[in-house]
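Values in this document were obtained by computation on a predicted structure and should not be read as measured data. Because only heavy atoms are used, hydrogens play no part in the values below, and waters and symmetry mates are left out as well, while side chains stay in.
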Amino acid sequence: LFMGGYDALTRSIATRQAEFAFMKRHPRQFDDHLVRQTRDAACGLPPGGSASKVDKGQAGAKVPDAIRRTYAARWRETMEPEFGLATYAELDRVLNPDWGRASR
């Protein structure tokens, strides 16, 4: 189960921490600083660069359609045959049937 379960407290924390405002307040939690430090040192680049993934706060804005199709195809190849779930939304409904009703 997602983060050990779908209880109300876990959902509340996950929802709050997935918000753009939270990510902007905690940018170091969402960047590639460790990868960047290692790569920059190996490439002889000066230290201190930025590698933030939190940009404009537009969900899905940077995921091109071609990549979305690739994700969907991979899901169909792996998750659908194994679990009989055609989409991530189906998985979410199976794991947490009350989630959609609770948020309305």
Side-chain angles (χ1 to χ4, degrees):
L1 291 176
F2 176 70
M3 294 176 30
Y6 275 87
D7 61 275
L9 178 60
T10 301
R11 282 195 312 267
S12 173
I13 291 169
T15 300
R16 181 177 47 85
Q17 292 182 355
E19 292 174 350
F20 180 70
F22 179 89
M23 289 188 263
K24 283 301 261 190
R25 285 192 309 273
H26 305 282
R28 191 119 167 123
Q29 304 275 122
F30 303 96
D31 69 14
D32 283 335
H33 63 276
L34 296 175
V35 172
R36 185 177 182 98
Q37 288 169 358
T38 302
R39 182 200 62 216
D40 288 357
C43 293
L45 298 172
S50 171
S52 178
K53 293 179 182 177
V54 181
D55 188 24
K56 297 177 184 167
Q58 297 171 311
K62 291 193 173 192
V63 180
D65 287 340
I67 298 224
R68 289 178 185 272
R69 286 190 298 273
T70 300
Y71 289 160
R74 186 72 175 135
W75 183 278
R76 286 189 304 273
E77 293 168 7
T78 58
M79 299 298 287
E80 190 170 14
E82 179 78 17
F83 302 103
L85 301 167
T87 65
Y88 181 82
E90 281 187 35
L91 170 66
D92 194 42
R93 281 192 298 275
V94 167
L95 293 177
N96 192 23
D98 296 326
W99 173 248
R101 287 190 295 266
S103 63
R104 290 182 192 159

| request: Please check if the side chain of S12 supplies one atom and the backbone of A8 the other of a donor-acceptor pair under 3.5 Å. | output: no
| query | Of the non-hydrogen atoms in M23 and A18, which two are nearest, and what is the gap between them? | reply | CE-O, 3.1 Å
| Do the side chains of T78 and R74 get nearer than 4.5 Å, heavy atoms only? | yes
| field | Exercise: identify the closest heavy-atom pair between L85 and W75 | value | O-NE1, 2.9 Å
| note | For F22, the side chain to side chain contact (heavy atoms under 4.5 Å, CB included) test, sequence neighbours excluded, returns R16, Q17, R25, H26, F30
| message | Measuring from atom CD of E90 to atom CG of L95, what distance do you get when rounded to the nearest 0.5 angstrom? | response | 11.5 Å
